[in-house]
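Order of the sequence lines sets the chain letters (A, B, ...), proteins ahead of strands, with each chain counted from 1.
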Amino acid sequence: MTEILITLPDGSQRSFAAGSTAGDVAASIGSRLAKAAVAAVVNGDEADLTTPLLNGATVAIITGDSDEGRHVLRHSTSHVMAQAVLQLFPGAKYSIGPAITDGFYYDFELPASKTFSEDDLVLVEARMRQIMSANQPFIRSEMSIDDALALFADQPYKCEIIERVRALAGVVIDPDDEEVSVDAGEVDPDGTVSVYRNTDEFVDMCRGPHVPTTSRLGHFKLMKVAGAYWRGNEKGPMLQRIYGTAWDTKAALEEHLHRLEEAEKRDHRKLATELDLLSFPSELGGGLAVWHPKGAIVRKHMEDYSRDRHENGGYQFVFTPHLANANLFQTSGHLDFYKDGMYPPMEMDNGTYYMKPMNCPMHCLIFRSRQRSYRELPLRLFELGTVYRYERAGTLHGLMRIRGFTQDDSHIYCTEEQLQDEIASLLDFVLSVLRAFGFHDFTANLSTRDPKKSVGSDEIWDKATEALREGLHRHGLQYKVKHGDAAFYGPKIDIDVKDAIGRTWQLSTIQCDFNLPDRFNLEYVGADNNRHQPIMLHRALFGSVERFFGVLLEHYAGAFPTWLAPVQVRILPVATAHEEYAQAQVAALRAAGFRVDVIEANDQLGKRIRAAKLDKIPYVLVVGDDDVADNTFGVNPRGGEVERGVSVATFIERLAADVEQGSAGLTPVV
RNA sequence: GCCCAGGUAGCUCAGUCGGUAGAGCAACGCACUCGUAAUGCGUAGGUCAGGAGUUCGAUUCUCCUCUUGGGCUCCA
């Protein structure tokens, strides 16, 4: 047969000469498509453009501007990086180099335990560009496992991957098992190993597909070097990882780099310093913050709002101490399971004390302090409880990962029958509060039982998991199931929010607990006059106040909405003669409950306006002769146009409306 | 905890091939009194993260500790 028939995605069919490739198909459709093509989908499987097609194949072209296409570009770029590193560092061992979000990485072991320096990145990148200019082909071949072991005989990491695949041959691969699927991405699970060769010297094991030649690549940048454990195993060898980003066009690459710059500008640690909100004095020790007046006032309003909502939402407030006798954490099990996360013990003459890493044990004591009736349930205890956890040094990150923090912590005790409704109304409550802080895009994760480590009966796990799932369905909330990701004591829902620049943050959790009620022997007397064990729910909404503050800071890029802004209004008298008027207005606005300050006319007006803008103050009011005469303001709103001659009454009305709108969620929902 | 890179004035940074440091902004003072994003001049401000070592001499070189950043791992 000299002709083959190919079906295209739109259902149309075309005939090609035998031996034609997906690349030929793309070229026959159009030169623009041929240029954009990076790989193809042949009969449902991704394949190289250079693979000869068989008669009757269905072919779709993957272009570089699709997710799949970028994945191919990134993966191919990582191969080029491996080749460059092996040239520049003879004797280097290469392990794996997958495509990841926005880019790729590759892990190496350098000879004599050498490490990469920042300067090496420049060298590697230059060598990569040479390889790309050389227009090397990606040539695929397949071989047996034994041949592959021979080919990679001096590459121990490659051999380890091949051996693992051999061991797994015939085993159905669970896509949730990340460790195995990484290998599966490198090698076909059917017993053959595919490799891609660029030159006589450089060949890499890979399932593909790849771009036809290295000249198809080029819009990339190496970003950073890092250490990374082989197979993520803390006890295993530490490899040297290089991260890069790669895109289909120069514009896309530049846009990505620009996005990174923007994200850096709104880094909460930077903004916290610039706006004088809080700091991390090294004298305190790592992961501990002090809140300056401007940060504290924002935090106070966040907490006030949270308290109002909880008060209206049927919660009862409690307070508990920051430390407790070891007996408490023995009972709760924290000393058995969580000791590494706790600050070390304080030996006192009447026992051993620990800083509390969690509030739950103390809330359980409150539940247990007297006999409880089913009529009291659900019992919702709420506390802004400060806890201390000895997070490992390398994991600290500004406010996002901190050692002393305050949870907006709630523990809800209810009956099995109440669980369903309670979870549904909890979700209502959580989302409603998050919306008040400017978040509108939510997704959820449902973490289910890990049978290898869990307490509680099958029945209760099933029931609780269903209750969580049903709650999510009622909300139409998009969610993913994380199989086996639950803690040993119960299933949970995590809620992720998307921020102003599209990043997601995990904030709230709703977590069932079958363990603590048992350990603390919690009971209530039911309608049947018998004793029953309540179900316990942990629920944090902000997660931690500190972390939530950090997320808000990044979300708003420091420009807090008026109801939260540390200074809502700044009045600038044009000249000294207007200061009296300015002071009188400050007094009036403060009396009306607004946060207002004034900067006297010692500096030029333009300079004071600039300073106010850099402070991201919502309203800058300029007052001069006209305003004194007419009882008006010149209003310069954040992000808006200057308006002269606004009457004081009108401005106060607008300001009040702005504040009201920002905290609109204050109206009770229950 | 592990790998890499840092820590110099309140902030952002420069500098010292080993001879105890400098800029801009901020602060303070004086002059300017100004209508919407940087007025001018001046003053003050640093045990160069901390400790030990090498050296005639260490902010600079070495080691340790603390701490920060990027990752890994961890986050019952």
Side-chain angles (χ1 to χ4, degrees), chain A residues 105 107 109-110 113-121 223-243 264 267 269-270 273-276 279-288 292 332-342 357-358 360 389-398 400-401 450 453-455 485-490 492 506 509 511 513 515-516 538 543 572-579 600-615 620-627 633-637 641-645:
Chain A
Y105 67 79
D107 286 348
E109 182 186 291
L110 295 182
S113 301
K114 276 203 295 200
T115 56
F116 290 119
S117 69
E118 303 281 329
D119 297 338
D120 292 334
L121 284 192
M223 304 300 285
K224 54 201 170 201
V225 293
Y229 295 108
W230 168 235
R231 292 192 176 289
N233 174 10
E234 206 179 343
K235 307 278 185 290
M238 170 76 66
L239 303 179
Q240 291 286 304
R241 174 173 297 180
I242 300 180
Y243 283 95
E264 202 174 318
D267 185 305
R269 294 160 300 187
K270 187 174 149 72
T273 302
E274 284 173 6
L275 300 174
D276 193 16
S279 57
F280 295 88
S282 58
E283 291 85 342
L284 286 185
L288 297 168
H292 305 188
S332 69
H334 286 101
L335 281 177
D336 291 332
F337 295 106
Y338 198 70
K339 195 168 187 185
D340 288 348
M342 294 168 69
M358 298 184 190
C360 10
R389 299 183 184 174
Y390 197 75
E391 302 286 359
R392 297 167 79 180
T395 64
L396 297 175
H397 180 87
M400 302 306 182
R401 194 79 179 267
D450 179 353
K453 43 157 194 163
S454 59
V455 300
D485 206 42
F488 72 87
Y489 52 81
K492 66 169 174 176
Q506 192 205 304
T509 66
Q511 165 101 53
D513 191 332
N515 180 46
L516 285 182
H538 303 253
L572 304 177
V574 172
T576 307
H578 313 117
E579 278 173 13
E600 295 181 343
N602 294 326
D603 281 314
Q604 284 190 319
L605 180 64
K607 184 173 182 174
R608 286 177 288 148
I609 288 170
R610 177 180 152 81
K613 292 296 175 186
L614 292 177
D615 276 347
V620 178
L621 304 182
V622 174
V623 296
D625 288 337
D626 300 349
D627 302 294
F633 294 125
V635 180
N636 185 337
E641 294 297 312
V642 171
E643 189 181 354
R644 292 278 299 270

Can you tell me how far [atom1] in [N] sits from the matching atom in [M], rounded to whole Å?
N: C74(B); M: A21(B); atom1: C1'; value: 43 Å
N: G71(B); M: G15(B); atom1: C1'; value: 30 Å
N: A9(B); M: C13(B); atom1: P; value: 12 Å
N: U20(B); M: A58(B); atom1: C1'; value: 9 Å
N: A31(B); M: U67(B); atom1: C1'; value: 44 Å
N: G18(B); M: C48(B); atom1: C1'; value: 14 Å
N: A52(B); M: G10(B); atom1: P; value: 24 Å
N: G51(B); M: C4(B); atom1: C1'; value: 24 Å

Taking atom [atom2] of [N] as reference, at what distance in whole Å does atom [atom1] of [X] sit?
X: Tyr243(A); N: C3(B); atom1: OH; atom2: P; value: 17 Å
X: Arg608(A); N: A27(B); atom1: CZ; atom2: P; value: 13 Å
X: Tyr229(A); N: C4(B); atom1: OH; atom2: P; value: 11 Å
X: Arg231(A); N: C2(B); atom1: CZ; atom2: P; value: 24 Å
X: Glu283(A); N: A49(B); atom1: CD; atom2: C1'; value: 9 Å
X: Ile242(A); N: A5(B); atom1: CD1; atom2: P; value: 14 Å
X: Asp615(A); N: A26(B); atom1: CG; atom2: C1'; value: 12 Å
X: Arg241(A); N: C2(B); atom1: CZ; atom2: P; value: 19 Å

Using 0.5 Å steps for rounding, measure from the [atom1] atom of [X] to the [atom2] atom of [Y].
X: Arg231(A); Y: Asp107(A); atom1: CZ; atom2: CG; answer: 11.0 Å
X: Phe280(A); Y: Leu396(A); atom1: CZ; atom2: CG; answer: 9.0 Å
X: Gln604(A); Y: Leu572(A); atom1: CD; atom2: CG; answer: 13.0 Å
X: Arg389(A); Y: Met342(A); atom1: CZ; atom2: CE; answer: 10.5 Å
X: Lys453(A); Y: Phe337(A); atom1: NZ; atom2: CZ; answer: 10.5 Å
X: Thr115(A); Y: Glu109(A); atom1: OG1; atom2: CD; answer: 12.5 Å

Does the side chain of [X] reach to within under 4.5 Å of the side chain of [Y], using non-hydrogen atoms?
X: Glu274(A); Y: Leu614(A); value: no
X: Val225(A); Y: Asp120(A); value: no
X: Phe633(A); Y: Val623(A); value: yes
X: Asp626(A); Y: Arg644(A); value: yes

Can you name the side-chain hydrogen bond (donor to acceptor under 3.5 Å, both in side chains) partners of Tyr243(A), sequence neighbours left out?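 side-chain hydrogen bond (donor to acceptor under 3.5 Å, both in side chains) check on Tyr243(A) returns Arg241(A).
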Once each nucleotide of nucleotides 60-70 of chain B is scored for protein heavy atoms under 4.0 Å, what B/S/- sequence comes out, 5' to 3'? -------SSSB
Nucleic acid footprint by protein, nucleotides 36-47 of chain B - heavy-atom cut-off 4.0 Å, B for base, S for sugar-phosphate alone: BBBB--------
Under 3.5 Å donor-acceptor pair, Tyr105(A) side-chain atoms to G71(B) base atoms: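 Checked by distance alone, the answer is no.
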Base, sugar-phosphate, or nothing for [X], non-hydrogen atoms under 4.0 angstrom?
X: Asn233(A); result: nothing
X: Ala228(A); result: sugar-phosphate
X: Asp626(A); result: base
X: Glu274(A); result: nothing

Can you check whether [Y]'s main-chain N or O pairs, donor with acceptor, with [X]'s side chain at less than 3.5 Å?
X: Arg608(A); Y: Pro573(A); value: yes
X: Glu579(A); Y: Ala601(A); value: yes
X: Asn233(A); Y: Trp230(A); value: no
X: Gln511(A); Y: Gly490(A); value: yes

Which residue lies more 5' along RNA chain B, comparing Leu239(A) with Gly624(A) via nearest heavy atoms: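 The residue mapped nearer the 5' terminus is Leu239(A).
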Stem segments of RNA chain B by first residue number [Watson-Crick or G-U, under 3.5 Å, at least 3]: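 Counting only runs of 3 or more consecutive pairs, the stems involving RNA chain B are B:1-7 with B:66-72, B:10-13 with B:22-25, B:27-31 with B:39-43, B:49-53 with B:61-65.
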Could you go through nucleotides 74-76 of chain B and list every protein N or O atom that sits under 3.5 Å from one of its N or O atoms, giving the distance for each pair?
unit_1 : atom_1 : unit_2    : atom_2 : d
C74(B) : O4'    : Arg392(A) : NH1    : 3.4
C74(B) : O2     : Arg401(A) : NH2    : 3.0
C74(B) : N3     : Arg401(A) : NH1    : 3.4
A76(B) : N6     : His334(A) : NE2    : 3.0

Tell me every residue that passes side chain to side chain contact (heavy atoms under 4.5 Å, CB included) with Ser279(A), counting only those two or more places apart in sequence or in another chain.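 If we apply the side chain to side chain contact (heavy atoms under 4.5 Å, CB included) test to Ser279(A), skipping adjacent residues, the hits are Pro281(A), Val290(A), His292(A).
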